[in-house]
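Here is the structure we will look at, set down as structure tokens.
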Amino acid sequence: MTVREEIEQLKKEKNAVILAHYYVRPEVQELADYIGDSFYLSKVAVGLKEQTIVFCGVSFMGESAKILNPGKTVLMPDARADCAMAHMADPETIRRMRETYDDLAVVCYINSTAELKRCSDVCVTSANALKIVKALPNRNIFFIPDRNLAHYIAQMTPEKHFVYNKGFCPVHEQMQVSEIRKAKEEHPDALVLTHPECPEEVLEMSDYVGSTSGIIDYAEKSDASEFIICTENGVRYELEKRCPDKRFYFTETEPVCEDMKMITPEKILHVLRTGENEVTLEETARVEAEEPLKRMLELAR
Ligand code: 13P
Ligand code: SF4
């Protein structure tokens, strides 16, 4: 039996479903039942009929799925696959901000640990952050952990007062204006599509800024036929699948999230066979982290 056949068989035997983020390897995306960005995957994770969720992504994604589905088994193909940004805030600073500012909402990007979610009022993803921040009654917003997404949302919500945190995504942070200019010189007709985790100066030179799904949808619907993609290179697989007649270029230093690339078909097979790498959370922590996630799902509806 091939790895794929064995995975399919075990999925049936164990009543399992595979979820994958667009940043994982193409061969993993091919095995997934659901592929999407963080917002789509958090919605999909609620209400699945299968008992076991194999989450092909980094740890905050599996954790969020477990927080929202305490009765299900969530397995991570590689337990070491983590998001550096998810740890770039701290509960002590959040407590201090709450003491400093009246009328403060702690808005937590879903790319964060369960511990940070517990200290927050609402979660957001890059796809729904603007809608949710606008919907909040609070004027003061402490946005954790990502400073780049925070600045992007702040620009579009002048009625709010933002307090910034210092976190960033090491993959998107390294996007260079000079490399994008070079790509533009080589492909002058290409539109620049950018993820809001990129630095402000990169967003400023972009034709479109949006989540991973937003970028893919934009490219699909656009009349243009060439695009410079400023996000993790895993999106190439879905872009080329949906738009076989369009051309997609990346910067010379292609952005790669090494943690997302740790997931392989063999590791999916291994956890399906063994049940290893199950996500577990202490119940009080889970319940407290569930509140901001549920609020996100309600406000984004
Ligand atoms: P989205 O899935 O919201 O586009 O976020 C990108 C990302 O960095 C996920 O880790
Ligand atoms: Fe985290 Fe960045 Fe990797 Fe997304 S791309 S998982 S934000 S390190």
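Quantities reported herein were computed from a predicted structural model and do not represent experimental measurements. The figures here come from the full heavy-atom set of this structure, side chains too, leaving out hydrogens, waters and symmetry mates. First listed ligand is number 1; within each ligand, the first listed atom is number 1.
With a 4.0 Å heavy-atom cut-off, ligand 1 is reached by no atom of T231. Under 4.0 Å from ligand 1, not a single heavy atom of Y22 appears. Contact annotation: for H195 versus ligand 1, heavy atoms closer than 4.0 Å belong to the side chain alone.
Contact check for L297 versus L293: no side-chain heavy atoms found under the 4.5 Å cut-off. In this structure the side chain of F142 never reaches within 4.5 angstrom of the side chain of V107, judged on heavy atoms.
A cation-pi arrangement is absent between K246 and F248, since the terminal nitrogen or guanidinium carbon is not both under 6.0 Å from the aromatic centre and inside a 45° cone about the axis.
Checked by atom type and distance alone, the side chain of Q51 pairs as donor or acceptor with a backbone atom of G71 at under 3.5 Å.
Between R273 and E6 there is a salt bridge, since a side-chain N of the basic residue sits under 4.0 Å from a carboxylate O of the acidic one. Salt bridge status for D78 with K267: present, with a side-chain N to carboxylate O gap under 4.0 Å. No salt bridge links E185 with K182; every basic N to acidic carboxylate O contact stays at or beyond 4.0 Å.
Assignment of D259 to the shell around ligand 2 is not supported, since no heavy atom sits closer than 4.0 Å. Contact analysis leaves E232 out of contact with ligand 2, as no non-hydrogen atom separation drops below 4.0 angstrom. The closest approach between E232 and ligand 1 stays at or above 4.0 Å for every heavy atom of the residue.
The protein heavy-atom contact nearest to atom 1 (Fe) of ligand 2 is C83 SG, 2.3 Å. The single protein non-hydrogen atom nearest to atom 8 (O) of ligand 1 is E197 OE2, 3.1 Å, given as residue, atom name and distance. In terms of protein heavy-atom proximity, atom 10 (O) of ligand 1 is closest to N111 ND2, 3.3 Å. The closest protein non-hydrogen atom to atom 3 (Fe) of ligand 2 is C257 SG, 2.4 Å. The nearest protein atom to atom 7 (C) of ligand 1, hydrogens excluded, is given as Y23 CE1, 3.4 Å; this is a heavy-atom distance.
Below 3.5 Å of separation, one finds no N or O of S211 facing any N or O of ligand 1. Residue S126 places at least one N or O, backbone or side chain, under 3.5 Å from an N or O of ligand 1.
Applying the 4.0 Å criterion to heavy atoms of T212 picks out, from ligand 1, the atoms 1 (P), 2 (O), 4 (O), 6 (C). Near S38, with a cut-off below 4.0 Å to any heavy atom, the atoms of ligand 1 are 1 (P), 2 (O), 3 (O), 5 (O), 9 (C). Interface of Y109 with ligand 1, defined as ligand atoms under 4.0 Å from a residue heavy atom, comprises 5 (O). Near M85, with a cut-off below 4.0 Å to any heavy atom, the atoms of ligand 2 are 7 (S).
Across N277 and P77, no two heavy atoms sit closer than the pair ND2-O, 3.5 Å.
Y249 and E226 share a donor-acceptor pair across their side chains, judged by distance under 3.5 Å alone.
By the neighbour-count criterion of 12 heavy atoms within 6.0 Å, atom CD of E252 is sparsely surrounded, having that number or fewer from other residues, nucleotides or ligands. Taking a 6.0 Å sphere around NZ of K294, one finds it holds 12 or fewer heavy atoms contributed by other residues, nucleotides or ligands.
Backbone or side-chain N, O or S atoms of C169 do not reach atom 1 (Fe) of ligand 2 at under 2.8 Å.
Nearest to atom 4 (Fe) of ligand 2 by heavy atom, out of V171, D146, N111, V256, is N111.
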Would T251 and Q176 satisfy side chain to side chain contact (heavy atoms under 4.5 Å, CB included), going step by step from the backbone distance to the final call? CA-CA 8 Å; T251 46; Q176 299 283 331; over 6 Å; no

